Each structure stands twice: as structure tokens, then as C-alpha cells.
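It should be emphasised that the depicted structure is a prediction, and the values quoted were computed from it without experimental measurement.
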Amino acid sequence: MKVREIMVSDVTACSKDTDLESVALAMWDSGCGSLPVADDAGRPIGIITDRDISMALAFNHKSPREVQVGTIIDGKGVVTCTSEQTISEVLDLLAANRIRRLVVVDEAGRICGMLSLGDIVVEAAQESHGGFDEAESLLPGLISTMGKVYTSH
């Protein structure tokens with residue numbers, strides 16, 4: 001199974017100059033808890049989560065309109081994958097980096113989607129109910145990845 005088969009392709013991104021209020025409203029409108037952060041060319045430079053927003057506001061004691069994304073993303077970059085990678089490859093990336101989300105990029109390195117560990121879990125659950133062999137082949141990698149991602153740092 002390829003990333004393109006289960007990734008979310010309708011993705012809203014923000015920039016490092018976007019204020020946290022706008023990010024939170026975009027998350028609300030999109031029904032998600034994270035947004036990729038993109039440079040001017042649409043290439044990912046980070047991910048911001050609802051937890052990032054909560055912690056930034058708790059520690060900065062400022063209005064969400066006064067805090068920009070660039071002040072809270074860590075600057076370490078972002079782990080990405082392509083739509084043509086396999087889910088097994090993505091599970092290895094998630095486990096190795098102890099993360100739950102990947103930004104999917106096109107051949108030019110621009111954001112074209114998002115894939116979360118939750119997306120993979122939902123797909124595996126749906127396929128296992130249909131009796132597909134693909135779901136059974138995903139389960140060992142999925143369980144291993146979840147164990148690594150959710151282990152305390």
C-alpha cells in the first residue's frame with residue numbers, strides 16, 4: 001500500500017509569520033490538530049500542533065494574535081515522505097523519529113499532503129474487517145511503531 005492511497009491531500013499550511021489565533025482557527029475549520037509550516041515556495045519547514053499552541057500561550061502569557069508560529073517551532077525541520085512510499089517505509093520513518101505525523105511532499109519538495117499514524121491505524125482497521133491480507137501485513141509494523149512512538153522519551 002502506498003502513501004497516496006490514504007494520505008490527506010486537502011491540507012492547509014501556515015507560514016512562520018502566521019499568528020497562533022489564525023492557526024487555531026484553521027485547525028478548527030479543517031478538523032485537525034496540526035498544520036504543516038511552509039516557506040514561501042510551499043516547502044515544509046515544520047509542523048505546529050494544537051499542543052504547541054497551548055504550551056506557547058501558557059508560557060508566553062500573550063494573546064494568540066501576538067505570537068507567531070516561527071517563535072515556537074523548533075527549527076529542526078520536518079520529517080517528510082512522498083506519496084509513492086509504502087506504508088511500511090513510513091512506519092519505519094515514524095518509529096525512527098518517534099513522531100506521529102509526516103508531511104507528504106511532491107517531487108519538488110512542496111507540501112501535497114499529510115499522513116498520520118492515526119490514518120494508518122484507521123486504514124488497517126478497515127482492511128482487517130474486509131479480510132484483506134494487506135492489513136495483516138501492516139499490523140506487526142504498526143504495533144512496533146506505536147510502541148516506539150508512544151514510549152516516554
Transitive ILVMFWY side-chain link [X] to [Y], under 4.5 Å:
X: Ile47; Y: Leu57; value: no
X: Ile53; Y: Val67; value: yes
X: Ile73; Y: Val11; value: no
X: Met7; Y: Met1; value: yes

Minimum heavy-atom separation for Val37 to Lys16, with atom names?
->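 Minimum heavy-atom contact is CG1-N, 3.7 Å.
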
Looking at Thr80 and Leu93, what are the two nearest heavy atoms and their distance?
->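 Taking Thr80 first and Leu93 second, the nearest heavy atoms are O-CD1, 3.7 Å.
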
Roughly how far, to the nearest 0.5 Å, is [atom2] of [Y] from [atom1] of [X]?
X: Ile99; Y: Ser116; atom1: CD1; atom2: OG; answer: 11.0 Å
X: Leu91; Y: Leu117; atom1: CG; atom2: CG; answer: 7.0 Å
X: Gln85; Y: Asp92; atom1: CD; atom2: CG; answer: 10.0 Å
X: Gln68; Y: Ser22; atom1: CD; atom2: OG; answer: 9.5 Å
X: Glu5; Y: Thr86; atom1: CD; atom2: OG1; answer: 10.5 Å

Would you say the side chain of [Y] lies within less than 4.5 Å of the side chain of [X], judging by non-hydrogen atoms?
X: Ile87; Y: Glu123; result: no
X: Ser15; Y: Val69; result: no
X: Met114; Y: Val103; result: yes

Check the pair Ile48, Leu20 against side chain to side chain contact (heavy atoms under 4.5 Å, CB included), reporting the backbone distance first and the verdict last.
-> CA-CA 10 Å; Ile48 185 164; Leu20 298 188; 3.7 Å; yes

Should Glu89 and Cys81 be marked as a side chain to side chain contact (heavy atoms under 4.5 Å, CB included) after you check the CA-CA gap, both sets of side-chain angles, and the distance that decides it?
-> CA-CA 9 Å; Glu89 291 171 324; Cys81 68; over 6 Å; no

In residues 25-36, what donor-acceptor pairs under 3.5 Å come from side-chain atoms, sequence neighbours left out?
from  : atom 1 : to     : atom 2 : distance (Å)
Ser30 : OG     : Thr12  : OG1    : 3.4
Ser30 : OG     : Ala26  : O      : 3.0
Ser34 : OG     : Arg101 : NE     : 3.2

Side chain to side chain contact (heavy atoms under 4.5 Å, CB included) with Pro44: which of Asp39, Ile111, Val79, Val104?
->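 It is Ile111, the one option of Asp39, Ile111, Val79, Val104 that forms the side chain to side chain contact (heavy atoms under 4.5 Å, CB included) with Pro44.
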
For side chain to side chain contact (heavy atoms under 4.5 Å, CB included), just list the numbers for Val3 and Leu102, CA-CA rounded to whole Å, side-chain angles, deciding distance to a tenth of an Å, and then say yes or no.
-> CA-CA 10 Å; Val3 168; Leu102 289 171; over 6 Å; no

